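Here is the structure we will look at.
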Amino acid sequence: MDEKKSKVLIIGATGNLGYHLAQFSLKFSHPTFVLVRDSAPNDPVKAQKLQSLSNCGATLIKGSLEDEKSLVEAVKQVEVVICSIPSKHVLEQMVLIRVIKEAGCIKRFIPSEFGADPDRIQISDMDYNFYLRKAEIRRLVEAEGIPYTYICCNFFTSYLLPSLVQPGLKTPPRDKIRVFGDGNVKAVFVKEQDVAAFTICSMDDPRTLNKVLYLRPPGNVYSMNELVEIWESKIGKKLEKIYVPEDELLMKIKETPYPDNMQMIFIYSAFVKGDHTYFDIDSHSGAEGTQLYPNVKYATISEFLETLL
């Protein structure tokens with residue numbers, strides 16, 4: 001007998017990842033509620049997404065993270081809350097956390113993370129508090145005793161990979177390529193749809209309660225040298241590799257004004273420092289998604305690069 005599927009509230013459902021989260025929530029038969037800002041229906045793209053979710057059975061609830069009364073109304077109708085908002089807004093989850101605490105009915109909160117692990121990164125002095133804000137939300141959730149799962153999917157395939165990690169380019173190069181550091185440090189890329197599927201699988205799972213769900217899918221964990229090799233085999237020619245040593249990359253980051261230097265900072269974090277892969281996952285505090293959910297089909301990096309040919 002299948003356990004009753006939790007009712008879930010999704011905040012940020014008109015965003016790229018949020019929309020997939022809502023779609024998978026519905027696909028996996030969860031009663032799905034979507035928080036909708038007053039302004040969302042005026043944006044044709046958002047309006048179309050909301051119409052499509054509504055047609056698939058989602059319940060649209062008026063409200064926003066700034067409107068505490070609307071949050072109280074929305075939260076008391078569900079058992080799980082998933083927040084997917086832009087990283088620069090993560091501190092706006094503070095009111096939501098207070099509402100969840102006071103409601104007392106939430107069995108799982110998945111705050112807006114969906115990147116590298118903010119407690120593990122080694123660039124905290126140079127990322128303009130990008131990860132500090134996410135860590136601050138974690139500490140607040142834990143201090144309030146709210147049951148949580150944090151999703152650390154590392155990079156989305158839509159970020160950096162379409163250019164084969166070449167800042168400033170829109171498509172992968174076909175002659176020369178810059179390789180950062182020694183090119184042997186592995187990073188992780190996962191397609192947004194797949195991140196959404198793993199997230200929805202985890203939200204009712206006792207194995208992910210108060211843990212970090214890391215995504216390191218086989219076929220999606222590669223170094224820059226390996227990425228170049230995969231691309232070369234697809235285009236049938238060798239590229240000229242130009243190695244950019246660590247100190248040169250750091251200098252370039254320093255010389256480039258914020259926020260234009262963030263891409264290079266993330267490259268430094270993932271492909272030089274190894275922030276996605278330098279540590280083993282501790283089974284007391286974390287788990288790996290493809291090991292918990294072997295039936296979730298996901299797109300590999302090789303398959304993604306195929307679409308760029």
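Just so we're clear, the structure is a prediction, and the values are computed from it rather than from any experiment.
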Is it true that E79 and R108 make a salt bridge, defined as a side-chain N closer than 4.0 Å to a carboxylate O? no
Take atom CG in N42; do more than 12 heavy atoms of anything else shown fall under 6.0 Å from it?
yes
*asked:* Using 30° and 60° as the class boundaries, would you call the ring planes of F130 and F266 parallel, tilted or perpendicular?
replied: perpendicular
E102/K76 salt bridge by N-O under 4.0 Å criterion: no
(Q) Can you tell me if K27 has over 12 outside heavy atoms packed within less than 6.0 Å of its NZ? (A) no
For the pair R98 and E68, find out whether any cationic side-chain nitrogen is under 4.0 Å from an anionic carboxylate oxygen. yes
One should read off an interatomic distance between L292 CG and N295 CG, to the nearest 0.5 angstrom, of 12.0 Å
When R133, R138, R120, K134 are each screened for salt bridge (charged side-chain N to carboxylate O under 4.0 Å, His left out) with E113, the one that passes is R138
task: Using the six-membered ring wherever Trp is involved, compare the ring planes of Y148 and Y150 and label them parallel, tilted or perpendicular (cut-offs 30° and 60°).
output: parallel
Just checking K241: does its NZ atom have more than 12 heavy atoms from other residues, nucleotides or ligands closer to it than 6.0 angstrom? yes
Would you call the rings of Y298 and F198 parallel, tilted or perpendicular, where under 30° means parallel and over 60° means perpendicular?
tilted
Tested for side chain to side chain contact (heavy atoms under 4.5 Å, CB included) against L96, the lone hit among L71, L35, I137 is L71
Flag the pair D205 and R207 as a salt bridge only when some basic side-chain nitrogen lies within less than 4.0 angstrom of an acidic carboxylate oxygen.
yes
Within a radius of less than 6.0 Å around NZ of K191, do more than 12 heavy atoms belonging to other residues, nucleotides or ligands occur? no
State plainly whether the residues E226 and K186 are in salt-bridge range, i.e. N to O under 4.0 Å.
yes
Output for pair (I106 CD1, K7 NZ), nearest 0.5 Å, gives 10.5 Å
**Request:** State whether E144 and R139 are salt-bridged, where the test is any N-O pair (Lys NZ or Arg NE/NH1/NH2 against Asp/Glu carboxylate O) under 4.0 Å.
**Result:** no
- Message: More than 12 heavy atoms of other residues, nucleotides or ligands under 6.0 Å from CE of M94: yes or no?
- Response: yes
| Should the pair R216-E288 be classified as a salt bridge under the 4.0 Å nitrogen-to-oxygen rule? | no
Between Y268 and the options Q122, Q263, K273, the side chain to side chain contact (heavy atoms under 4.5 Å, CB included) test singles out K273
**Asked** Are D204 and K5 within salt-bridge range, i.e. N to O under 4.0 Å?
**Response** no
On a heavy-atom basis, the closest approach of V8 and V78 is C-CG1, 3.9 Å
- Query: Between D247 and K252, is there a side-chain N and carboxylate O pair less than 4.0 Å apart?
  - Reply: no
